[in-house]
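Sequence lines set the chain letters: A, B, ... in the order given, protein chains first and strands last, and positions in each chain run from 1. Side chains included, hydrogens not; waters and symmetry mates left out as well; all remaining heavy atoms used.
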Amino acid sequence: MNIFQAKFDPCIWKVVASIPLGQVMAYGEIARAAGYPGYSRMVSKAMGRCPDPLPWFRVVRSDRTLAFEYGSDSYREQSQLLKLEGIRFEGNKVIAASPLDTVDKMLWGPRD
DNA sequence: CCCTTGACTATCT
DNA sequence: GAGATAGCCAAGG
């Protein structure tokens, strides 16, 4: 087994599992929260290998778009799961607060 | 050892 | 705001 991912992967999965329902986190944010700033691409690898019932669908890009190709099976699956969490979409971008964001951002919405 | 590849990001046009 | 570019870092050929 690779030494790196033996330590890295569980650390990343732990952070992903801690993402509150209805919220999302970017790869870079997760890497930073796990103590590996700059390892966004390694996070993506760790995600592709997660066998656990992890809320992987709460992981999006830093610009809030989904990492999968638009229209692909994985894309539709993820967007579906996110909608079940009450998360709305703005075109291809999700509208959800990051756990690191302030409450102010959560209060923002199309509804007045 | 060199080059390519990724569920990525920040920056510039 | 969309596309191109350059960093990023480990893994694999």
Side-chain angles (χ1 to χ4, degrees):
Chain A
M1 71 199 286
N2 296 319
I3 307 299
F4 173 74
Q5 64 185 67
K7 288 192 60 178
F8 182 80
D9 289 8
C11 202
I12 296 303
W13 296 336
K14 186 177 180 180
V15 174
V16 174
S18 74
I19 304 176
L21 186 147
Q23 300 191 357
V24 298
M25 262 183 106
Y27 296 84
E29 289 177 312
I30 294 171
R32 193 160 9 99
Y36 290 87
Y39 281 63
S40 55
R41 309 196 77 143
M42 298 299 98
V43 171
S44 72
K45 277 196 169 192
M47 296 313 299
R49 305 167 47 80
C50 71
D52 300 326
L54 233 55
W56 57 269
F57 48 87
R58 294 182 190 149
V59 182
V60 300
R61 290 198 181 121
S62 60
D63 62 0
R64 294 291 191 266
T65 62
L66 304 191
F68 297 112
E69 182 187 2
Y70 180 81
S72 67
D73 280 353
S74 295
Y75 183 98
R76 281 195 292 271
E77 182 184 356
Q78 181 172 14
S79 62
Q80 180 60 44
L81 288 167
L82 288 174
K83 286 174 184 173
L84 292 176
E85 306 253 306
I87 295 178
R88 280 200 296 280
F89 276 74
E90 180 184 62
N92 46 344
K93 294 180 183 172
V94 302
I95 303 178
S98 159
L100 305 180
D101 284 338
T102 63
V103 185
D104 289 6
K105 290 214 168 187
M106 283 185 66
L107 295 178
W108 171 76
R111 192 84 276 136
D112 299 298

Check: Listed by chain and number, what are the ring pair (Phe, Tyr, Trp, His ring centres under 6.0 Å) partners of A/Tyr70, not counting sequence neighbours?
Finding: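 For A/Tyr70 the ring pair (Phe, Tyr, Trp, His ring centres under 6.0 Å) partners, ignoring immediate neighbours, are A/Tyr75.
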Next item on the list: Would you kindly give the CD1-to-C1' distance between A/Ile12 and B/dA7, to the nearest whole Å?
Entry: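 After rounding, the gap between these two atoms is 13 Å.
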List the atom pairs, with distances to 0.1 Å, where a side-chain N or O of residues 36-45 of chain A and a protein N or O form a donor-acceptor pair under 3.5 Å, not counting sequence neighbours.
{"unit_1": "A/Ser44", "atom_1": "OG", "unit_2": "A/Arg41", "atom_2": "O", "d": "2.5"}

Notebook entry, point to check: Of all residues at least two apart in sequence or in a different chain, which pass the salt bridge (charged side-chain N to carboxylate O under 4.0 Å, His left out) check with A/Glu85?
Noted result: A/Arg58
Next item on the list: List in chain and number order the residues that pass salt bridge (charged side-chain N to carboxylate O under 4.0 Å, His left out) with A/Asp73, two or more places apart in sequence or in another chain; answer none if no residue qualifies.
Entry: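 Listed in chain order: A/Arg76.
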Note to self: So, using side-chain contact (heavy atoms from CB on, under 4.5 Å) as the criterion, who are the partners of A/Ala67 when residues are at least two apart?
What the structure shows: A/Tyr27, A/Arg61
Item checked: Set of side-chain contact (heavy atoms from CB on, under 4.5 Å) partners for A/Leu84, sequence neighbours left out -> A/Gln80, A/Leu81
Next item on the list: Produce a footprint string for nucleotides 8-13 of chain B: one letter per nucleotide, 5' end first; B if the base is under 4.0 Å from any protein heavy atom, S if only the sugar-phosphate is, - if neither.
Entry: BSS---
Check: A/Tyr39 near the nucleic acid: base, sugar-phosphate alone, or nothing, with a heavy-atom cut-off under 4.0 Å?
Finding: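 Sugar-phosphate only.
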Check: What are the 5'-most and 3'-most nucleotides of DNA chain C lying under 4.0 Å from any heavy atom of chain A?
Finding: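 Reading along DNA chain C, I get C/dG7 to C/dA11.
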Item checked: Nearest-angstrom distance, C1' atom, B/dC1 to C/dG13 ->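 These two C1' atoms come out 12 Å apart once rounded.
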Next item on the list: Any chance you could measure A/Arg88, atom CZ, to A/Ile95, atom CD1, to the nearest 0.5 Å?
Entry: 6.0 Å
Next item on the list: Keeping to residues at least two apart or across chains, list the salt bridge (charged side-chain N to carboxylate O under 4.0 Å, His left out) pairs with something in residues 8-20 of chain A.
Entry: A/Asp9-A/Arg49
